[in-house]
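Note that the coordinates shown come from a computational prediction; the quantities given were computed from them, not determined experimentally. Side chains included, hydrogens not; waters and symmetry mates left out as well; all remaining heavy atoms used.
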Amino acid sequence: MGKKVAVVLSGCGVYDGSEVHESSAVMVHLSREGAQVELYAPDIDQMHVVNHIKGQPTEEKRNVLVESARIARGNVKDLATLNVKELDALIIPGGFGVAKNLCSWAVDGKDCKVSKLVEDTIKAFHSAKKPIGLCCISPVLAAKILPGCEVTVGHDAECEKWPYAKTAEALKELGCKHVNKNVDEVHVDVKHKLVTTSAFMCNAPIHTIYDGIGKMVKEVLKLA
């Protein structure tokens, strides 16, 4: 039997939920490695709903669990039901839903608060010495919850290729060690069993993002 991996989603769509391509890449690579995937999401309202053509918030209200079901093809569970004893690893794809629905980074930056359910989930895997994979913006969750951890969100010098590089500086201010890595690379924090990759923090061709996520998945499974 393959490893059983929990993938936690934060909605559906880059601007207010999970990044769809990252989520799909995680599931495809897990499938290719013979892992069993269990999808979870918190049963909460989204911070807001964004029109993905205009990039502007709307008056609409949506639920994170219900929206995550779009990516999961309906097969998604309430995060409150997750039992770490039945799972071998945790992966959280990126997307602004991480920074809006799983924590308040999008509004509060390094002073953000992480959802108690999400914090409890990450701490449970960490305490059980089970690996955690985080891509794109989701390494900020580890930075808030696991003091002194090592992560990458790509590079720490802002440019056209790395438009979100200031995130790396904020992570350093939280006491984390940020390691510069290219989009098709990962960083493995062996002590914390934490694997991170930049994904769409980089303005890069989608296949390179897909490849970087594949390396993250392989390293997570090696540690499981």
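No side-chain donor from either of T196 and T152 sits under 3.5 Å from a side-chain acceptor of the other.
Other residues sharing the hydrophobic cluster of V28, ordered by chain and number and joined by side-chain separations under 4.5 Å: Y210.
In this structure, the side chain of E22 engages the main chain of G94 through a donor-acceptor pair within 3.5 Å. For S10 (side chain) and S18 (main-chain N/O), a donor-acceptor pair under 3.5 Å exists by modelled atom type. S104 contributes a side-chain N or O that, together with a main-chain N or O of K113, makes up a donor-acceptor pair within less than 3.5 Å. Between the E185 side chain and the N182 main chain, a donor and an acceptor come within less than 3.5 Å of each other.
Between L82 and T121 there is a side-chain heavy-atom pair separated by less than 4.5 Å.
Remark: L146 CG to K193 NZ distance equals 13.5 Å, nearest 0.5 Å. How far NZ of K215 is from NE2 of H187: 15.0 Å, rounded to the nearest 0.5 Å.
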What verdict does the side chain to side chain contact (heavy atoms under 4.5 Å, CB included) test give for H52 and V14, after you've listed the backbone C-alpha separation in whole Å, the side-chain angles of each residue and the deciding distance to 0.1 Å? CA-CA 8 Å; H52 276 57; V14 58; 3.9 Å; yes

Start with the C-alpha gap between V84 and K130, add the side-chain angles, then the distance that decides, and say whether side chain to side chain contact (heavy atoms under 4.5 Å, CB included) holds. CA-CA 9 Å; V84 70; K130 295 182 177 181; 4.3 Å; yes

Show me the side-chain donor-acceptor pairs of residues 65-74 shorter than 3.5 Å, one per line, residues at least two apart or across chains.
| from | atom 1 | to | atom 2 | distance (Å) |
| --- | --- | --- | --- | --- |
| E67 | OE1 | R62 | NH1 | 3.1 |
| E67 | OE1 | R70 | NE | 3.2 |
| S68 | OG | G11 | N | 3.0 |
| S68 | OG | V64 | O | 2.8 |

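For F96, the ring-ring contact (aromatic ring centres under 6.0 Å, His included) test picks out no residue, with sequence neighbours left out.
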